[in-house]
Amino acid sequence: MSLKTLLLGAASAIAMFSMASAETITIATVNNGDMVRMQKLTEDFTKANPDIQLEWVTLEENVLRERVTTDIATKGGQYDVMTIGTYEVPIWAKQSWLLPLENLGADYDVDDILPAIRGGLSADGKLYAAPFYGESSMVMYRKDLMEKAGLTMPDAPTWEFIADAARKMTDRANGINGICLRGKAGWGENMAFLTAMSNSYGARWFDEQWKPQFDQPEWKTTLETYVKLMNDAGPQGASSNGFNENLALFQQGKCGMWIDATVAASFVSNPKDSTVADKVGYALAPDNGLGKRGNWLWAWTLAIPAGSQKAASAEKFIAWATSKQYLELVASKEGWANVPPGTRTSLYNNPEYQKAAPFAKMTLDSINSADPTKPTVKPVPYVGVQFVAIPEFQGLGTTVGQLFSAALAGQMSVDDALKQAQDAATATMTEGGYIQ
């Protein structure tokens with residue numbers, strides 16, 4: 001047997017031993033573009049950490065929320081890293097369901113995380129989740145169609161302008177809808193959009209005594225405006241459309257405007273994926289002159305459930321995926337315009353990013369303009385812009401989302417949807433002890 005054969009055999013044995021002794025962490029994540037891209041780049045992590053192997057569970061947004069919530073509440077222990085949002089983190093941290101992130105590494109630079117984002121992921125001064133990307137929402141629009149309609153998009157439009165522009169930009173004969181908005185039922189799908197919209201109309205989920213407010217005129221105006229606008233200028237089957245469906249429609253040139261997550265800007269402006277990449281403009285989410293814009297505040301984050309037996313390896317992965325170095329890795333592969341946005345101050349101070357991402361300033365302005373502690377025109381007892389940060393909201397928000405999606409589909413009237421939402425909210429808050 002030659003020396004070369006012996007060496008090859010030894011190397012193969014070592015590699016097999018390393019794989020056998022490696023610790024496998026299971027990561028539950030959402031099926032959006034940034035997370036899918038991250039999975040393709042994880043060779044960078046596994047090369048540096050050969051003792052850690054990664055197993056992915058990639059799910060649609062509503063399914064992910066259901067699975068991770070069930071797992072963590074029942075202490076199922078299926079996942080070592082969970083992709084969760086700004087809603088879950090403070091609630092789950094308070095219930096001791098998450099481990100604090102205290103060993104992210106000397107070069108991680110926690111203080112570089114945008115204050116608005118970091119604040120929503122902390123409890124008692126400790127960080128319980130690291131943001132993979134942060135977002136608000138804004139208007140993305142076709143500059144060519146806006147010009148064709150004889151209009152100029154303001155940097156800070158009103159709902160009246162948006163509604164007028166959507167109807168003028170609609171050209172159903174050529175497959176162009178004036179506006180695409182979320183209609184798919186879910187507390188983080190259509191209710192994220194509609195709650196943020198309702199804030200700008202002066203509506204609120206609950207008054208200061210936790211009494212539901214769906215029987216108030218502000219909610220009726222919000223839902224009537226939304227349903228009529230979508231019937232006049234939205235796509236067919238809009239009640240089934242969430243983030244991914246509307247992204248595809250916009251990229252295919254079938255939407256004049258789209259009001260949704262700021263994170264979508266890199267996808268609609270990427271010529272590899274978008275047929276209208278060179279025609280996209282950006283504006284703040286609309287307002288109604290009441291002092292609140294219809295934009296939200298969110299972060300998709302990585303967190304470690306308290307039941308994980310592999311916390312050290314999980315935290316190593318989280319530190320890699322949410323680091324400055326990861327942003328540089330994405331930039332080297334995909335360009336600066338495609339790095340995960342909305343998490344770090346240093347990114348928005350980076351001249352290369354400012355040059356590559358025409359949406360950078362609008363994204364940062366949108367994030368900074370959202371205030372989870374004062375989300376509504378009238379006072380409320382809760383925090384959260386497009387959600388209410390109480391444990392009951394996940395179930396209630398989905399129930400209300402189903403009713404409002406049915407109203408959009410024409411399966412019930414706006415009045416019926418609001419009445420049933422009021423009844424469901426009253427029952428939930430009574431059962432939870434918030435009201436008598």
Side-chain angles (χ1 to χ4, degrees), residues 27 29-47 54 56 58 61 83 85 109 112-114 117 130-143 242-253 255 258-283 298-302 317-367:
I27 304 162
T29 195
V30 67
N31 66 339
N32 65 32
D34 279 300
M35 293 300 189
V36 171
R37 180 184 289 136
M38 186 246 288
Q39 292 176 48
K40 294 176 182 176
L41 297 175
T42 48
E43 186 181 353
D44 179 84
F45 174 79
T46 52
K47 273 187 176 179
L54 308 178
W56 295 92
T58 306
E61 186 171 322
T83 303
D109 195 2
D112 187 46
I113 298 173
L114 290 169
I117 299 295
F132 183 74
Y133 70 75
E135 65 180 44
S136 184
S137 53
M138 65 182 177
V139 184
M140 292 160 277
Y141 67 95
R142 290 272 300 276
K143 292 187 285 188
F243 174 86
N244 286 331
E245 292 81 7
N246 283 327
L247 171 61
L249 286 171
F250 195 95
Q251 288 176 325
Q252 293 161 13
C255 303
W258 180 30
I259 304 173
D260 213 298
T262 52
V263 71
S266 66
F267 299 115
V268 299
S269 62
N270 186 340
K272 290 181 183 177
D273 304 310
S274 176
T275 62
V276 296
D278 60 342
K279 300 177 176 69
V280 185
Y282 310 94
W298 184 256
W300 275 119
T301 75
L302 302 177
F317 172 77
I318 290 173
W320 170 82
T322 62
S323 65
K324 294 179 186 178
Q325 291 72 28
Y326 178 77
L327 298 181
E328 291 168 2
L329 174 65
V330 175
S332 70
K333 303 285 187 183
E334 305 281 347
W336 276 105
N338 296 305
V339 303
T343 62
R344 291 185 170 273
T345 301
S346 56
L347 178 65
Y348 290 91
N349 291 335
N350 184 331
E352 290 182 81
Y353 184 65
Q354 292 171 358
K355 183 179 178 182
F359 46 81
K361 185 179 185 304
M362 194 62 70
T363 295
L364 187 60
D365 288 347
S366 297
I367 289 172

Any donor-acceptor pair under 3.5 Å from Thr301 side chain to Pro131 backbone: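 Not at all, since once roles are kept as given, no pair shorter than 3.5 Å links the two residues.
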Glu61 side chain to Asn31 backbone, donor-acceptor under 3.5 Å: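 Side chain of Glu61 to backbone of Asn31, a donor-acceptor pair under 3.5 Å: no, none is there.
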Search all heavy atoms of [X] against all heavy atoms of [Y] and return the closest pair with its distance.
{"X": "Leu249", "Y": "Cys255", "answer": "CB-SG, 3.6 Å"}
{"X": "Gly342", "Y": "Tyr348", "answer": "N-OH, 2.9 Å"}
{"X": "Ser266", "Y": "Val263", "answer": "OG-O, 3.5 Å"}
{"X": "Ile318", "Y": "Thr322", "answer": "O-OG1, 2.7 Å"}
{"X": "Asn32", "Y": "Tyr133", "answer": "ND2-OH, 2.8 Å"}
{"X": "Lys324", "Y": "Ser346", "answer": "CE-OG, 4.0 Å"}

Polar side chain donor-acceptor pair, Trp300 to Asp34, under 3.5 angstrom: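 On atom types as modelled, these side chains do not qualify, holding no pair under 3.5 Å.
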Flag for Thr275-Gln252: side-chain donor and acceptor within less than 3.5 Å: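 No, Thr275 and Gln252 have no side-chain donor paired with an acceptor closer than 3.5 Å.
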Just wondering, do [Y] and [X] contact through their side chains at under 4.5 Å, heavy atoms?
{"X": "Leu247", "Y": "Val268", "answer": "yes"}
{"X": "Met362", "Y": "Thr262", "answer": "no"}
{"X": "Thr83", "Y": "Met35", "answer": "yes"}
{"X": "Leu364", "Y": "Leu114", "answer": "yes"}

Gap separating the CG atom of Asn349 from the CZ atom of Arg344, nearest 0.5 angstrom: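 Rounded to the nearest 0.5 Å, the CG-CZ separation comes to 12.5 Å.
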Side chain to side chain contact (heavy atoms under 4.5 Å, CB included) involving Leu54 - partner list, sequence neighbours excluded: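 Side chain to side chain contact (heavy atoms under 4.5 Å, CB included) list for Leu54, sorted by chain: Ile25, Ile27, Thr42, Phe45, Thr46, Ile52, Trp56, Phe317.
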Near-ring test Trp258/Phe243, centroid separation under 6.0 angstrom: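 Yes, the ring of Phe243 comes within the 6.0 Å limit of the ring of Trp258, centre to centre.
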CA sep, side-chain torsions, deciding dist, call: Met140, Phe359, side-chain contact (heavy atoms from CB on, under 4.5 Å): CA-CA 10 Å; Met140 292 160 277; Phe359 46 81; over 6 Å; no
side-chain contact (heavy atoms from CB on, under 4.5 Å) between Tyr282 and Val139, worked out: CA-CA 6 Å; Tyr282 310 94; Val139 184; over 6 Å; no
Of all pairs that satisfy salt bridge (charged side-chain N to carboxylate O under 4.0 Å, His left out), the ones with a partner from residues 134-143, not counting sequence neighbours: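 As it turns out, the salt bridge (charged side-chain N to carboxylate O under 4.0 Å, His left out) pairs with a partner in residues 134-143, which skip direct neighbours, are Arg142-Asp144.
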Results of side chain to side chain donor-acceptor pair (under 3.5 Å) for Ser136 - residues two or more places apart only: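 Ser136 satisfies side chain to side chain donor-acceptor pair (under 3.5 Å) with Asn295 once adjacent residues are dropped.
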Summary of side chain to side chain donor-acceptor pair (under 3.5 Å) pairs that have at least one residue in residues 353-367, sequence neighbours excluded: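 Listed by first then second residue: Lys361-Asp365.
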For residues 325-341, run the donor-acceptor check on the side chains, cut-off 3.5 Å, and write out each pair with its distance to 0.1 Å, sequence neighbours left out.
residue: Ser332; atom: OG; partner: Leu329; partner atom: O; Å: 2.6
residue: Trp336; atom: NE1; partner: Glu352; partner atom: OE1; Å: 3.4
residue: Asn338; atom: ND2; partner: Glu334; partner atom: O; Å: 2.7

Phe250: ring pair (Phe, Tyr, Trp, His ring centres under 6.0 Å) partners, not counting sequence neighbours: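 With sequence neighbours excluded, Phe250 shows a ring pair (Phe, Tyr, Trp, His ring centres under 6.0 Å) to no residue whatsoever.
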